Every structure is written in C-alpha cells, then in structure tokens.
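Everything on this sheet refers to the single structure shown next.
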Amino acid sequence: MRTSVKRPGRVAVIGVGILGTAVGWNLSRQGAEVVFVDAGRPGEGVTNWSFSWVNASNKTVRRSYFDLNVAGMAAHRALAEDIGPDAWWYPSGHLRWAGDPAAQTKLLETAELLAGWDYGVKVCTGAEARRRLEPAVTIPDEVPVVVYPDEAWVHGRRLVGRLVGQAVAAGAEHRFDTAVRDIRTGADGGVRTVALSDGSSLDVDIVVNAAGPSASHVAGLVARHLPMRREPGIVARIGCARVPVHRAMHAPRIEIRPDGDGSVVLHSREVDALIDTGEDPAELARLLHDMARQVVPELANSRITQARVANRPIPADGFPSVGAVPSVPGYYEAVSHSGITLGPIIGRLLAAEILTGKRDAMLTDFRPERFHP
Ligand SMILES: Cc1cc2nc3c(=O)[nH]c(=O)nc-3n(C[C@H](O)[C@H](O)[C@H](O)COP(=O)(O)OP(=O)(O)OC[C@H]3O[C@@H](n4cnc5c(N)ncnc54)[C@H](O)[C@@H]3O)c2cc1C
C-alpha cells in the first residue's frame with residue numbers, strides 16, 4: 001500500500017542547525033514550501049561547536065536509542081551518496097582507549113555488548129593502533145584499543161551550508177539574522193503566524209521547533225512545556241601546520257579529531273565539568289590544549305584559534321523530542337542531543353510524518369507527548 005504524500009502548506013523551520021536543516025531539506029525536496037528562520041547564521045549554533053562524532057557506541061543506555069543512532073549512521077552514509085561527501089563527511093572510524101584497569105574493563109565490556117548487537121568493533125593493542133592507524137599518538141604499547149571502523153565525524157557547518165543551498169535552489173525561502181519572537185495560533189489552537197524580531201511576520205501552516213538549546217523557549221511561544229537540561233560543553237579549535245591525527249578518538253582524558261585542513265578539534269568531559277566553576281573559557285581552552293599535547297606531542301607548536309562554550313540541546317530525560325504535538329495542531333519538535341549523529345535520520349522521519357501524518361515506530365520512545373505541563 002502506498003502512503004499518500006500531501007502538500008502540508010507553508011512550513012517555518014525555526015533554527016537552521018543540523019536538525020532544522022535536515023528536516024527542511026527533506027521537506028523541500030519533496031515539494032513542500034519551506035521557510036528557514038534563524039536568529040543567527042545557518043550552522044553556527046551548537047552544530048559548529050560540537051565534537052561531531054557520528055556514533056552509536058556511546059548510546060547503549062537504551063536499545064531503542066542505540067537503534068536510532070545506528071539508523072543515523074546509515075542515513076549519513078546514504079546522504080553522502082546522495083549529495084556527495086566532499087568537505088563534510090569523514091568516515092574514518094573511531095579509536096577509544098582508557099587509562100586505568102577499571103575503565104579498560106568497562107570499555108571492553110561495552111565492546112562485547114556492541115559486538116553482540118552486530119555493531120562493527122575490533123580490539124587491538126596500543127602498539128598496533130600506532131603502527132597501523134595513528135603513528136603520532138602516544139598510546140601505551142599494551143593498552144587495549146577499541147576500534148569502531150564504521151564511525152565517522154562530520155563538518156556540521158559545511159553540511160548545513162550544502163543542504164540549505166540545495167533547498168533554496170529547490171525553492172525554499174530563508175530569513176537569517178532574525179529571531180522568532182512569537183508564534184500566533186488560530187481559534188482551533190493551530191499555528192498561524194510567526195512573528196520575527198525584524199518586525200516582519202510569516203503566515204504559516206506548520207512550524208518545526210529546531211531551535212537547539214533555545215527550543216524550550218520557542219516551545220513556550222505556543223504554551224508548550226518542553227523541559228530541558230542545562231549541560232554546557234566547551235570545544236576548542238587548534239590551528240596546526242600539519243594535522244597529526246587521521247580520525248576522531250577518545251584518549252583517557254581528551255577527545256581529539258581532525259577538522260579539515262590545518263585544524264584539530266578538542267573536547268573533554270573533565271573540562272566541561274569545570275565550566276560552572278566560573279573558570280575563564282580561555283583558561284579551559286588552554287587546559288584542553290595541554291591535555292591534547294600530552295597525547296599528540298606534535299601539537300606542541302600548534303595554537304588555539306577558537307573556543308566556545310555551548311549548551312547541549314537535551315530534553316530533561318536525556319532523549320530526543322521528535323514529532324507532532326497533537327494539542328497544538330501544526331507544531332512539531334526536532335530537539336536532541338547527539339544531533340550530529342541523528343540529524344539525517346530525524347530529518348527524514350520528521351519530514352515523512354509532516355507530509356503523510358504517519359508516525360514511524362523508530363520514534364515511539366522519543367515522542368514529545370511524554371512531557372506534560
Ligand atoms: C561540547 C559538545 C559536544 C558534542 N558532541 C557531539 C558528538 O560528538 N556527536 C553528536 O552527534 N552530537 C554531539 N553534540 C550534540 C550536537 O552538537 C547537537 O545535538 C546538535 O548540533 C544540535 O543541532 P541543532 O540543529 O538542534 O542546534 P543548533 O545547531 O544550535 O541550531 C539551532 C539554531 O536555532 C537558532 N535559534 C535559536 N532560537 C531561535 C529563535 N528564537 N528564532 C530563530 N532561530 C533561533 C540558533 O541561532 C541556531 O542556529 C555535542 C554538543 C556539544 C555542546
């Protein structure tokens with residue numbers, strides 16, 4: 001039986017990070033009328049301040065969440081085939097090793113669980129990983145290194161630019177550097193008008209709330225309660241003459257990945273934990289840089305070029321909020337942590353829901369209705 005696709009009317013996508021972009025791109029290529037609205041520039045929100053690791057190995061907390069992330073990895077591969085991989089898609093795998101015996105045992109247990117779930121995983125020694133994969137990285141000879149060959153990293157801002165460009169070429173409109181300050185509803189409670197901070201307004205039939213860390217505020221504009229956690233993280237970009245690492249990796253205290261020509265990205269949960277102590281972000285970036293130099297001595301002559309603290313867009317229970325909110329006709333949410341991994345799959349599933357009204361079973365555990373006022 002074929003699912004009927006109807007034109008949904010005019011859709012305002014609020015927030016042009018990876019999630020809003022993926023929804024709008026999928027809608028617009030299926031003939032829907034899309035307006036992208038962003039308070040800033042496309043892809044310059046959290047999407048540009050992410051470690052950007054495409055994975056499901058860190059998502060074993062719930063099987064349905066793991067499965068959604070596996071589908072996210074597959075959707076990235078399909079997207080790279082569809083639009084071409086240039087300058088945004090880096091399917092170079094992932095390395096992870098731990099510093100102390102307890103953490104090593106836990107890492108190997110997770111690897112075993114993942115292998116049982118048919119996830120691509122291999123284990124080698126530090127010496128082998130250095131010889132075959134990362135000669136510039138100081139991994140001790142005998143530590144177990146878990147290799148996830150199917151994982152990747154993504155240049156989020158460039159992916160957003162590519163998809164928005166294609167959607168605009170297909171007829172999508174955009175309003176950038178102007179925030180949504182109000183969403184007006186009609187007598188039936190359905191969305192009607194989006195008011196922008198530049199004084200203009202848009203008549204719409206549907207809004208997609210993809211406002212990342214500001215999604216709770218945008219939900220409030222339709223009197224919807226979307227509780228979110230506060231969980232800030234800091235990312236630093238390091239400029240170097242030669243990028244000494246070939247893939248994203250988790251060393252014991254620091255995460256490191258390439259970021260294209262002449263640049264490396266650094267992140268550490270240990271440093272994130274210091275953000276709320278009031279420490280100067282420039283000092284936190286120096287800490288990241290010091291940690292990275294211990295693992296990759298070749299970074300000794302590199303310099304910090306940019307650093308930013310960003311809030312993760314995490315609904316209160318830690319899981320995505322994706323789909324229609326039946327109490328507000330025409331209002332949909334696309335709000336999630338791990339949005340780099342999940343962007344292409346959430347974009348595809350939510351666009352299909354908007355176009356056909358059909359809810360995909362993969363989103364059952366992540367429906368917005370689970371949050372009540
Ligand atoms: C330190 C850190 C590390 C991370 N590491 C990973 C990782 O390794 N892998 C992974 O998959 N995920 C990771 N994430 C999460 C991932 O980056 C996010 O889930 C994803 O980027 C969210 O994308 P988004 O489109 O929802 O948000 P954003 O990219 O923030 O986009 C939201 C947009 O909404 C706009 N906006 C906000 N309010 C309004 C308004 N009122 N009107 C108009 N526009 C508005 C903003 O300007 C912004 O451009 C990480 C996040 C952090 C902070």
Side-chain angles (χ1 to χ4, degrees), residues 50-63 65-66 69-70 73 90-153 231 233-236 238 243-259 264-275 284-285 287-300 312 318 337-338 340-341:
S50 173
F51 188 60
S52 261
W53 166 40
V54 174
N55 79 96
S57 59
N58 219 24
K59 322 287 171 63
T60 52
V61 56
R62 187 194 275 186
R63 184 62 201 247
Y65 187 51
F66 170 80
N69 280 273
V70 169
M73 293 166 68
Y90 297 90
S92 37
H94 189 87
L95 297 187
R96 189 167 194 154
W97 68 102
D100 61 83
Q104 286 166 4
T105 304
K106 193 157 182 301
L107 184 61
L108 293 174
E109 281 170 5
T110 303
E112 210 178 307
L113 173 81
L114 288 163
W117 288 357
D118 290 331
Y119 194 75
V121 49
K122 294 178 186 154
V123 180
C124 66
T125 63
E128 283 165 343
R130 274 199 332 269
R131 184 161 40 78
R132 288 194 294 113
L133 301 170
E134 294 289 353
V137 181
T138 56
I139 316 173
D141 278 357
E142 295 306 325
V143 299
V145 177
V146 178
V147 183
Y148 297 109
D150 302 330
E151 296 184 350
W153 68 272
E231 213 174 296
I234 179 165
V235 157
I238 305 296
V243 175
V245 293
H246 302 292
R247 54 186 53 73
M249 62 189 80
H250 269 67
R253 298 178 65 203
I254 179 94
E255 299 157 29
I256 308 173
R257 70 162 169 86
D259 192 40
V264 168
V265 159
L266 308 177
H267 172 252
S268 161
R269 284 272 175 183
E270 189 180 319
V271 176
D272 287 352
L274 302 174
I275 292 172
L284 298 179
L287 198 52
L288 287 170
H289 197 197
D290 287 347
M291 287 175 170
R293 283 186 291 203
Q294 308 265 320
V295 181
V296 187
E298 211 180 297
L299 288 174
R312 295 174 170 85
H337 184 47
S338 293
I340 299 290
T341 304

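Counting begins at 1 with the first residue of the sequence. Computed from a predicted structure; not experimentally measured. Only this structure's heavy atoms are used, side chains among them; waters, hydrogens and symmetry mates stay out.
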Quick one: are Leu287 and Leu274 in side-chain contact, heavy atoms under 4.5 Å?
yes
With sequence neighbours left out, write down each residue that passes side chain to side chain contact (heavy atoms under 4.5 Å, CB included) with Ser50, or none if nothing qualifies.
Ser52, Ile340
With side chains defined as the heavy atoms from C-beta onward, is the minimum distance between His267 and Ile254 less than 4.5 Å?
no
With the side chain counted from C-beta on, respond yes when Asn69 and Asn55 share a heavy-atom pair under 4.5 Å apart, and no when they do not.
no
Ser338 side-chain N/O to Thr341 backbone N/O, donor-acceptor pair under 3.5 Å:
no
From CE (Met291) to CD1 (Ile256), nearest 0.5 Å
10.5 Å
Taking salt bridge (Lys or Arg N to Asp or Glu O under 4.0 Å) as the test, write out the residues that go with Glu270, two or more places apart.
Arg253
Heavy-atom closest contact (Ala236 atom, Ala285 atom, distance):
CB-CB, 4.3 Å
Residues 50-63 vs salt bridge (Lys or Arg N to Asp or Glu O under 4.0 Å), sequence neighbours excluded, gives Arg62-Asp365, Arg63-Asp67
With a 4.5 Å cut-off on side-chain heavy atoms, are Val145 and Thr125 touching?
no
Tell me which donor-acceptor pairs under 3.5 Å the side chains of residues 116-123 have, and how far apart each pair is, sequence neighbours excluded?
from: Tyr119; atom 1: OH; to: Ala56; atom 2: N; distance (Å): 3.0
from: Tyr119; atom 1: OH; to: Ser57; atom 2: N; distance (Å): 3.4
from: Tyr119; atom 1: OH; to: Glu151; atom 2: OE2; distance (Å): 2.5

Only pairs under 3.5 Å count here: list side-chain donor-acceptor contacts from residues 93-109, not counting sequence neighbours, and write none if there are none.
from: His94; atom 1: ND1; to: Trp53; atom 2: NE1; distance (Å): 3.0
from: His94; atom 1: ND1; to: Ala248; atom 2: O; distance (Å): 3.2
from: His94; atom 1: NE2; to: His250; atom 2: ND1; distance (Å): 3.0
from: Arg96; atom 1: NH1; to: Asn58; atom 2: OD1; distance (Å): 3.3
from: Asp100; atom 1: OD1; to: Ala102; atom 2: N; distance (Å): 3.2
from: Asp100; atom 1: OD1; to: Ala103; atom 2: N; distance (Å): 3.0
from: Gln104; atom 1: NE2; to: Ala98; atom 2: O; distance (Å): 3.1
from: Thr105; atom 1: OG1; to: Pro101; atom 2: O; distance (Å): 2.9

If only atom types and distance count, is the side chain of Thr138 paired as donor or acceptor with the main-chain N or O of Val295 below 3.5 Å?
yes
Can you name the salt bridge (Lys or Arg N to Asp or Glu O under 4.0 Å) partners of Asp259, sequence neighbours left out?
Arg237, Arg257
Could you tell me which residues satisfy side-chain hydrogen bond (donor to acceptor under 3.5 Å, both in side chains) with Tyr90, sequence neighbours excluded, listed by chain and number?
none
Could you work out, with salt bridge (Lys or Arg N to Asp or Glu O under 4.0 Å) as the rule, every residue matching Arg269, not counting sequence neighbours?
Glu231
State, to 0.1 Å, how close Leu299 and Ala292 come at their nearest heavy-atom pair, and which atoms those are.
CD1-CB, 4.0 Å
Measure the CZ-CD1 distance between Arg293 and Ile238 for me, rounded to the nearest 0.5 Å.
8.0 Å
Mind checking what makes side-chain hydrogen bond (donor to acceptor under 3.5 Å, both in side chains) contact with His246, not counting sequence neighbours?
none
Glu255: which residues meet the salt bridge (Lys or Arg N to Asp or Glu O under 4.0 Å) condition with it, sequence neighbours left out?
none
I'd like to check Val265 versus Phe51 (side-chain heavy atoms, cut-off strictly below 4.5 Å). Are they in contact?
yes
What residue pairs, at least two apart or across chains, pass salt bridge (Lys or Arg N to Asp or Glu O under 4.0 Å) with a residue in residues 128-144?
Arg130-Asp141, Glu134-Arg247
Donor-acceptor pair, Asp272 side chain versus Ile234 backbone, under 3.5 Å?
yes
Heavy-atom distance under 4.5 Å between the side chains of Val235 and Leu266, does that happen here?
no
Can you see which heavy atom on Leu114 is nearest to which on Phe66, and at what distance?
CD2-CE1, 3.4 Å
